Amino acid sequence: MNHALRWQKSTFSGGGEGNTCVELAATLTPTTLHLRESDTPATVLTTTPTPLAHLLHAIRTGTLPERPPKA
């Protein structure tokens, strides 16, 4: 059975109805998380809670590695 995801906006989206926010949805069992940018809703990133927590921690603490230069 295919259930529609219930998307939630980030609290940092400014509360507006525009397309400038990150949205998150969880499956019925919260082991799979889905992320998307509201201006491109067809592109969905799927992850689990632990890697997402590590990413958010790195962003908050400024320890996110820089992107390697393109070859």
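In this text the structure is predicted, and so the values were computed from the model without any measurement. Computed from heavy atoms alone, side chains included, the values below leave out hydrogens, waters and symmetry copies. Numbering starts at 1 and runs along the sequence shown.
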Do the side chains of Thr47 and Leu33 get nearer than 4.5 Å, heavy atoms only? yes
In terms of heavy-atom contacts, Leu5 and Ala26 come closest through CD2-O, 4.0 Å
Specify the closest pair of heavy atoms between Thr48 and Pro51, including all atoms of both residues, with the distance to one decimal. OG1-CD, 3.0 Å
I'd like to check Leu52 versus Leu35 (side-chain heavy atoms, cut-off strictly below 4.5 Å). Are they in contact? yes
Applying side chain to side chain contact (heavy atoms under 4.5 Å, CB included) between Glu23 and each of Lys9, Glu37, His34, Gln8, report the one that passes. Lys9
